Amino acid sequence: MSLDDEQRDIYAWQIDVPDFGEAGQERLASTSILVSRVGGLGSVVALELAAAGVGKLVLAHGGNTKPSDLNRQLLQTYDHLGKPRIESIAARLHDLNPRLEIVAEPANASTENVDRLVEQTDLVVDCAPLFEERFALNDACVRQNKVLVEAAMFELQAQLTTIRPGVTPCLRCLYPETPPAWKRRFPVFGAVSATVGSIAAMEAIKVAARFGEPLFGTMLRFDLRDVSFHRAAIQKRADCEVCGA
Amino acid sequence: MQVTFEFLAQLRTLAGTANESRDVDASTTVQQAVLDLARERGGDFAKLVLDATGERLHPSMLLFVGDQQVVWDEPGPLHDRARVVLAPPIAGG
Ligand SMILES: [Zn+2]
């Protein structure tokens, strides 16, 4: 897909990135990405991907906008309270990028819909709050051999890794069973979810445009309380039920 | 020798501190150091760190020494001033 003059104009500042260039922009324009849950994390992922000129976003998010969304779900607005979140998400992304193709799924990812959602895309960004959803996405990405960017947060802390099935550890290598201690509601600031979301979006852009060094087999963790960042190598589990031999 | 444990996320809340330095024998493995720490702290801290047998790391807990993840059944040597990180599972939203 070659760029037209308007696209060259809009994306001029990032086309100047030396190992990205016009070829990278063309790759983004022909890429389809699933962002599963478009809440605190996913709203920023989707916004950055829309701004970067990704061709198509498949967005999965159920429910109506609540007051407690507004500290971090940056595609929701006060005047949208009580209305379906996915409508505000799609409208605000189209305000930014009217060429963006959006498939809006008004439901969260589950074992029922996940294969259909992943099938439509080249890669996936996991922004789900529940491990059941995360495992459904991970398992579908392994089945369909799609890269999965994993982003997670708690309080002022966060962690990210990028999974390439068959090469890196998968999510079930890290967490073989549903963690009993994880609670749906957890403490967090919007500035934390936005930081994690921006890094996750950059991971997706690098994978889609094939440049840079994504976090393959590496976990990045950071703590904005003292602004410390660490990288660590993570391991495949030989007996992983999902990606093991 | 001295090792420093770092507690992340919910474990930090339960521990009431971000880290704890301890003196251990030079031959101590990371597995033994984690068991000793969890058993001494006990309660909800031990419940999050150890599995139901109390003999192994909980399968949902990630363990790192420095910049390497340590899998429970593989050798886990420690060195003086090692940083041992215990990371409970977190998600998004
Ligand atoms: Zn695996």
Side-chain angles (χ1 to χ4, degrees), chain A residues 36-37 39-42 45 69 72-73 125-134 150-155 157-160 169 171 173-188 193 196-197 200 217-219 221 223 225-226 228 230-239, chain B residues 4-19 30-31 34 38 41 43-54 56-79 81-93:
Chain A
S36 190
R37 291 261 198 159
L41 271 176
V45 173
D69 296 345
R72 67 195 183 287
Q73 300 198 18
V125 186
D126 180 4
C127 303
L130 298 174
F131 275 89
E132 290 81 355
E133 279 176 64
R134 288 188 171 244
E150 274 291 320
M153 61 193 179
F154 182 93
E155 216 228 44
Q157 303 161 55
Q159 64 188 37
L160 296 106
L171 188 63
C173 290
L174 300 175
Y175 308 117
E177 56 189 55
T178 303
W182 179 250
K183 303 236 176 4
R184 167 71 188 85
R185 178 170 162 178
F186 56 93
V188 77
S193 48
V196 192
T218 298
M219 181 172 281
R221 61 172 197 275
D223 188 346
R225 195 172 280 273
D226 60 3
S228 57
H230 299 274
R231 292 162 57 102
I234 49 176
Q235 293 199 33
K236 276 175 80 108
R237 208 178 270 261
D239 62 351
Chain B
T4 299
F5 285 91
E6 286 184 30
F7 309 131
L8 304 187
Q10 309 96 314
L11 195 61
R12 183 178 298 181
T13 311
L14 285 175
T17 180
N19 48 63
V30 68
Q31 287 86 349
V34 168
R41 280 188 163 265
D44 287 342
F45 183 97
K47 229 188 266 181
L48 189 57
V49 172
L50 302 180
D51 73 359
T53 69
R56 298 173 58 83
L57 191 70
H58 194 285
S60 297
M61 185 70 57
L62 300 179
L63 174 65
F64 300 92
V65 176
D67 60 3
Q68 296 290 325
Q69 185 189 4
V70 176
V71 174
W72 193 254
D73 291 323
E74 291 179 4
L78 286 173
H79 55 86
R81 299 179 187 279
R83 295 192 82 80
V84 178
V85 178
L86 285 163
I90 60 173

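By convention in this document, chain letters (A, B, ...) are assigned in the order of the sequence lines, proteins followed by strands, and residues within each chain are numbered from 1. Note that this is a predicted model, so its numbers are computed, not measured.
- Heavy atoms only, all atoms of each residue included: B:L62 and A:L174 are closest at CD2-O, 3.6 Å.
- Heavy atoms closer than 4.5 Å to chain B are found in the backbone of A:R231, but not in its side chain.
- Contact of A:D126 with chain B is not made at all, since no heavy-atom distance falls under 4.5 Å.
- With rounding to the nearest 0.5 Å, the separation of NE2 in A:H230 from CZ in B:F64 is 11.5 Å.
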Check step by step if side-chain contact (heavy atoms from CB on, under 4.5 Å) holds for B:R12 and A:Q157. CA-CA 11 Å; B:R12 183 178 298 181; A:Q157 303 161 55; 3.7 Å; yes
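- Proximity to chain A involves both the backbone and the side chain of B:L8, based on heavy atoms less than 4.5 angstrom apart.
- For the options B:Q10, B:E74, B:Q68, heavy-atom pairs under 4.5 Å to chain A are most numerous at B:Q10.
- The number of heavy-atom neighbours closer than 6.0 Å to NZ of B:K47, taken from other residues, nucleotides and ligands shown, is 12 or below.
- In this structure, the separation between CD on B:Q69 and CE on A:M219 is 7.5 Å, given to the nearest 0.5 Å.
- Atoms OG1 and CZ, from B:T13 and A:F186 in turn, are 13.0 Å apart once rounded to the nearest 0.5 Å.
- Counting heavy-atom pairs closer than 4.5 Å to chain B, the top-ranked of the candidates A:A152, A:G39, A:G40, A:A158 is A:A152.
- For A:R185, no part lies near chain B; criterion is any non-hydrogen pair under 4.5 Å.
- Among the candidates A:G42, A:P129, A:C127, the residue making the largest number of heavy-atom pairs closer than 4.5 Å to chain B is A:P129.
- Your options are A:G197, A:P176, A:A128, and the one with the most heavy-atom pairs under 4.5 Å with chain B is A:A128.
- At a 4.5 Å heavy-atom cutoff, A:E155 makes no contact with chain B through either its backbone or its side chain.
- A:P180 has its side chain within reach of B:H58: a pair of non-hydrogen atoms, C-beta onward, lies under 4.5 Å apart.
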Do any side-chain atoms of residues 81-93 of chain B form donor-acceptor pairs under 3.5 angstrom with protein atoms, and if so which ones, sequence neighbours left out?
unit_1	atom_1	unit_2	atom_2	d
B:R83	NE	B:E6	OE2	2.5
B:R83	NH2	B:E6	OE2	3.0

